[in-house]
Number of protein chains: 2
Amino acid sequence: MDMRKLVGRNFARLRREKGLTQEEIAASADISQQYVSGLERGGRNPTVQSLYKIAQALGVSHMELVRPDREDER
Amino acid sequence: MDMRKLVGRNFARLRREKGLTQEEIAASADISQQYVSGLERGGRNPTVQSLYKIAQALGVSHMELVRPDREDER
DNA sequence: TTCATTTACATACTATAGTTGATAAACTCA
DNA sequence: TGAGTTTATCAACTATAGTATGTAAATGAA
């Protein structure tokens with residue numbers, strides 16, 4: 001199981017659902033837009049502190065970012 | 001909210017409940033005993049991949065390691 | 001189609017995650 | 001109490017998380 005990909009999928013989905021841009025999340029979470037892009041692509045392995053900052057910026061619990069999804073069953 | 005401390009508390013508690021030593025977890029998760037100690041003390045900021053490896057070694061879902069606990073209400 | 005906005009990619013860099021080796025301190029149990 | 005085991009601490013090191021800058025590529029709406 002690749003946590004980078006799981007977090008990426010959850011992140012991308014939640015952000016779109018909230019109708020926010022990567023730039024907005026980046027500013028709110030105090031991380032770079034380029035890093036946001038990398039995370040959503042499943043290409044970065046964030047620390048739990050970064051995870052929390054992102055969840056705060058999205059206005060959701062950090063649990064939502066690590067919750068297994070359907071893709072995860074495969 | 002300090003995720004390092006939350007993960008540390010959950011980790012230490014679960015490990016004791018399972019009656020496993022830090023050394024055993026370290027070997028199973030392929031990380032160092034010294035790092036395990038640091039994590040449990042709340043002094044390290046693990047990546048989500050490391051989080052998953054530890055959860056596997058504990059035989060629990062990674063969700064258990066990031067779940068808010070009572071201390072977290074304060 | 002055009003244009004403004006958004007996302008993805010590349011590179012070089014700093015900060016820190018995680019390792020290793022050594023060992024002190026704490027703990028457990030007979 | 002003493003010995004063996006477990007956990008905590010320290011320092012130096014390698015690997016990678018996350019940054020900053022620049023910009024190409026993709027997207028969406030008019």
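In what follows, chains are A, B, ... by sequence order, proteins preceding strands, each numbered from 1. Computed from a predicted structure; not experimentally measured.
Looking at every heavy atom in both residues, A:P68 comes nearest to B:H62 through CG-CE1, 4.0 Å.
Side-chain to base pairing of B:E40 with D:dA8: no donor and acceptor N or O lie closer than 3.5 Å to each other.
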List every contact pair, protein side and nucleotides 12-15 of chain D side both N or O, where the distance is under 3.5 Å.
none

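OP1 or OP2 of C:dA8 lies within a sub-4.0 Å distance of a side-chain N or O belonging to A:S37. Considering only side-chain N and O atoms, A:Q34 lies nowhere under 4.0 angstrom from the phosphate OP1 or OP2 of D:dT23. For B:R15, a side-chain nitrogen or oxygen approaches OP1 or OP2 of D:dT7 to under 4.0 Å. OP1 or OP2 of D:dA8 lies within a sub-4.0 Å distance of a side-chain N or O belonging to B:R41.
Looking only at distances, no side-chain donor or acceptor of B:R44 sits under 3.5 Å from a matching main-chain atom of B:G38. Panel note: side chain A:Q49, backbone B:M3; a donor-acceptor pair is recorded below 3.5 Å.
Whole-Å rounding puts the A:I31 CD1 to C:dT7 C1' distance at 14 Å. One interatomic measurement links the two molecules: CD1 of A:I25 to P of C:dT5, which rounds to 19 Å at whole-angstrom precision.
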Can you list, pair by pair, the side-chain donor-acceptor contacts under 3.5 Å of residues 4-13 of chain A, counting residues two or more places apart and other chains?
residue : atom : partner : partner atom : Å
A:R4    : NE   : A:D2    : OD1          : 3.1
A:R4    : NH2  : A:D2    : OD2          : 3.4
A:R9    : NE   : A:D69   : OD2          : 2.8
A:R9    : NH2  : A:D69   : OD1          : 2.9
A:N10   : OD1  : A:R13   : NH1          : 2.9
A:N10   : ND2  : A:E64   : O            : 3.4
A:N10   : ND2  : A:L65   : O            : 3.0
A:N10   : ND2  : A:R67   : O            : 2.9
A:R13   : NE   : A:E17   : OE2          : 3.3

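Judged by distance alone, the side chains of A:Q22 and A:Q33 do bring a donor and an acceptor atom under 3.5 Å apart.
Sorted by residue number, the members of residues 45-66 of chain B with any non-hydrogen atom under 4.0 Å from DNA chain D read B:T47.
Of the candidates C:dT6, C:dT20, D:dT7, C:dT6 carries the atom nearest the A:T21 side chain, counting heavy atoms from C-beta on.
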